[in-house]
Amino acid sequence: MSIPMLKIGAVLSTMAMVTNWMSQTLPSLVGLNGTTITRGGTSERIVSALYPSPEEGWQIYSSAQDADGKCICTVVAPAQNMCNRDPRSRQLRQLMEKVQNISQSMEVLDLRTYRDLQYVRNTESLMKVVDGKLKVASDNPRSLNPKGFQELKDKVSQLLPLLPVLDQYKMDAKMILHLREEVRNLSLVLMAIQEEMGAYDYEELRQRVLLLETRLHSCMQKLGCGKLTGVSNPITVRASGSRFGSWMTDTMIPSSDNRVWSMDGYYKGRRVLEYRTMNDFMKGQNFVQHLLPHPWAGTGHVVYNGSLYYNKYQSNIIIKYHFRSRSVLVQRSLSGAGYNNTFPYSWGGSSDIDLMADENGLWAVYTTIPNAGNIVISRLEPMSLEVLQTWDTGFPKRSAGESFMICGTLYVTNSHLAGAKIYFAYYTNTSSYEYTDIPFHNQYSHISMMDYNPRERVLYTWNNGHQVLYNVTLFQVIKTSGD
């Protein structure tokens, strides 16, 4: 019985070596061929470019984020593509799928063989008893009386279930031999591909990577702003804190800052938790605490270029707090802005002043008495907090659940409760508006914060004590340089 078990161990060891080689080699290969495989957390996501007819330009842009916070982008691109697909990437993906299938089969066989072996071991003592009785009966047939014969028959009957186990064991042993042959064939193919890859000069590969990175940055510059057309299903990152609060990452473009900040509550709070990475935030570890010199009001805070912008409690003053120096760099009154639940969102919570950022910079969303409670948008100068320009949207703020800016457009939800949708859009570039109908799933039925991050192209929300992300889809036709 031990021989098949040794075979399983050998094959699993071979599988581990093959999988390890592919996990190290495959991402770098596909990265050279226009297909990105992001490995992180508990899942792998594959994003590839799609190609419409040659006369079309860039058409649809959507974004997502994996468990490690890496950006994943998908576009509908023109057919004139300089990055031709390497056929080996497809072959390697197929091989990877085959390896994974074999690995799963091996795990099932390993588990089943272990279980069967335990059953055989458990019946070993019974087999010894039967063997002893048979030897006695063989040496002295007259000693086997009717009672002894019946006992021996009962013992043999107890061993009968072992027969199908042994039959299954034989079948599994044959399957293992087959899988070993599959692994051997895969190993030969992978070795051939590896030898072919070895023909490439390292410097040539490095130059190819640099060239592709340059093209990628050029493409991303063209993928600028667009019109919101859809919101994904919610992605719950964590459940923490009270019913109300806010959480965020730096919204400045470009930025390599991966820190996450959390601010629990909307009333007289001063404690800001800073996590080193998104993964640390998810696990609630590796954080430091900032104690603000002045308490905040509401949940409309934003982090922009390493500083926290927030509304000072019981005032219309905006404060810029610098995390690294742990000091207030500037504070300025937002002239005429209501505060202390004068003109909040529909859920209340001192949400009179909502600060946010998008691709165009820093914004304040609020209202004033002269504006009759309608939403006002002001673009702010980040250094001095001076108001650069203001728009009156005409939309009553108390009828809004939340709002956020994308590419200079304010999008407003019609409720903070279940069944909410993005109902209104105001375009600052044309000073015009339209009513929209963009649904999204309000999973936990009470949103008290909803902000767009232009660097990650996602919506951050605080929903009834849950920190939730939504991916967004933006639409814009962008002509290529050859058009």
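The model shown is predicted, which means the values in this text are computed figures rather than measured ones. Starting from 1, each residue takes its place in the sequence as its number.
Between Asp352 and Asn340, the side chains place no donor N or O within less than 3.5 Å of an acceptor N or O (distance only, hydrogens not considered). In summary, the side chains of Ser242 and Asp264 do present a donor paired with an acceptor at a separation below 3.5 Å, with no hydrogens or angles considered. Side-chain contact annotation: Tyr267 with Tyr313, donor-acceptor N/O pair under 3.5 Å present. A donor-acceptor contact closer than 3.5 angstrom is absent between the side chains of Ser445 and Asn442. Side-chain N/O atoms of Thr367 and Asn374 include no donor and acceptor closer than 3.5 Å. Of the N and O atoms on the side chains of Tyr444 and Thr236, at least one donor lies less than 3.5 Å from an acceptor on the other residue.
For the ring pair (Phe, Tyr, Trp, His ring centres under 6.0 Å) test with Trp363, the passing option among Phe404, Trp391, Tyr452 is Trp391; the others fail.
Heavy atoms from other residues, nucleotides or ligands lying under 6.0 Å from CG of Leu388 number more than 12. In the displayed structure, Arg326 atom CZ is contacted under 6.0 Å by more than 12 heavy atoms of other residues, nucleotides or ligands. Within 6.0 Å of CZ in Phe323 there are more than 12 heavy atoms belonging to other residues, nucleotides or ligands.
Between the side chain of Asn453 and the backbone N or O of Met248, no donor-acceptor pair lies under 3.5 Å. Of the possible polar contacts, one joining the Ser232 side chain to the Asn471 backbone as a donor-acceptor pair under 3.5 Å is found. The backbone N or O of Ser384 lies less than 3.5 Å from a partner atom in the side chain of Arg332, making a donor-acceptor pair. A donor-acceptor contact shorter than 3.5 Å is absent between the side chain of Asp257 and the backbone of Asp250. In this structure, Tyr310 contributes its side chain and His294 its backbone to a donor-acceptor pair below 3.5 Å. In this structure, the side chain of Thr461 does not engage the main chain of Met450 through any donor-acceptor pair within 3.5 Å. No donor-acceptor pair under 3.5 Å is formed between the side chain of Ser432 and the backbone N or O of Tyr427. Side chain of Asp451 to backbone of Met356: no donor-acceptor contact under 3.5 angstrom is found. A donor-acceptor pair under 3.5 Å is absent between the side-chain atoms of Trp462 and the main chain of Met449, judged by distance alone. Between the side chain of Ser351 and the main chain of Tyr345, a donor-acceptor pair closer than 3.5 Å is present.
Note that CG of Asn311 and OH of Tyr366 are 12.5 Å apart. Values are rounded to the nearest 0.5 Å. Rounded to the nearest 0.5 Å, atoms CD (Glu359) and CG (Leu474) are 7.5 Å apart. Between Thr342 atom OG1 and Lys397 atom NZ the span is 10.0 Å, to the nearest 0.5 Å. Taking CG of Leu273 as the start and OG of Ser262 as the end, the distance is 5.5 Å to the nearest 0.5 Å. From Ile375, atom CD1 reaches atom OH of Tyr433 across 13.5 Å, with rounding to the nearest 0.5 Å. Going from atom CG of Asn371 over to atom OG1 of Thr390 covers 9.0 Å, rounded to the nearest 0.5 Å.
Between Phe424 and Thr393, some side-chain heavy-atom pair lies under the 4.5 Å cut-off. Side-chain contact between Gln467 and Phe281: present, with at least one pair of heavy atoms (C-beta onward) separated by less than 4.5 Å. Contact annotation: the side chain of His290 approaches that of Tyr321 to within less than 4.5 Å [non-hydrogen atoms, C-beta and beyond]. For the pair Val458/Val472, no side-chain contact is recorded, criterion being any heavy-atom separation below 4.5 Å from C-beta on. Side-chain contact between Val302 and Leu362: present, with at least one pair of heavy atoms (C-beta onward) separated by less than 4.5 Å. Leu469 places a side-chain heavy atom less than 4.5 Å from the side chain of Tyr460. For the pair Ser346 and Arg398, the minimum side-chain heavy-atom distance is 4.5 Å or more. At least one side-chain heavy atom of Pro382 sits less than 4.5 Å from a side-chain heavy atom of Tyr304.
Annotation for Thr436 and Ala425: closest pair CG2-CB, 4.0 Å, computed over non-hydrogen atoms. Considering all non-hydrogen atoms of both residues, Arg271 and Trp296 come closest at O-CH2, 3.4 Å. Across Phe440 and Ile447, no two heavy atoms sit closer than the pair CE1-CD1, 3.7 Å. Listed here is the closest heavy atom pair of Pro234 and Val468: CB-CG1, 3.5 Å. Looking at every heavy atom in both residues, Ser307 comes nearest to His322 through OG-CD2, 3.4 Å. The two residues Asn316 and Ser333 come nearest to each other via the heavy atoms OD1-OG, 2.8 Å.
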Problem - Audit row: Ile319, Leu292, side chain to side chain contact (heavy atoms under 4.5 Å, CB included) steps and yes/no - result: CA-CA 10 Å; Ile319 292 178; Leu292 300 177; over 6 Å; no
Exercise for the section: Show your reasoning for whether side chain to side chain contact (heavy atoms under 4.5 Å, CB included) applies to Arg259 and Val303. Expected result: CA-CA 10 Å; Arg259 290 176 294 175; Val303 175; over 6 Å; no
Practice task
Report the C-alpha separation of Met263 and Val272 in whole Å, then their side-chain angles, then the decisive distance to 0.1 Å, and conclude whether the side chain to side chain contact (heavy atoms under 4.5 Å, CB included) test is met.
Solution key: CA-CA 5 Å; Met263 302 169 67; Val272 183; 3.9 Å; yes
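Aromatic pair Tyr470/His441: ring centres not closer than 6.0 Å.
The aromatic rings of Phe287 and Tyr275 sit tilted, their planes meeting at an angle between 30° and 60°. Using a 30° and 60° split on the angle between ring planes, Tyr435 and Phe395 fall in the tilted class, from 30° to 60°.
Salt-bridge annotation for Lys421 and Asp437: present, with a side-chain N of the basic residue lying under 4.0 Å from a carboxylate O of the acidic one. Salt bridge annotation for Lys227-Glu434: present, with a cationic side-chain nitrogen under 4.0 angstrom from a carboxylate oxygen.
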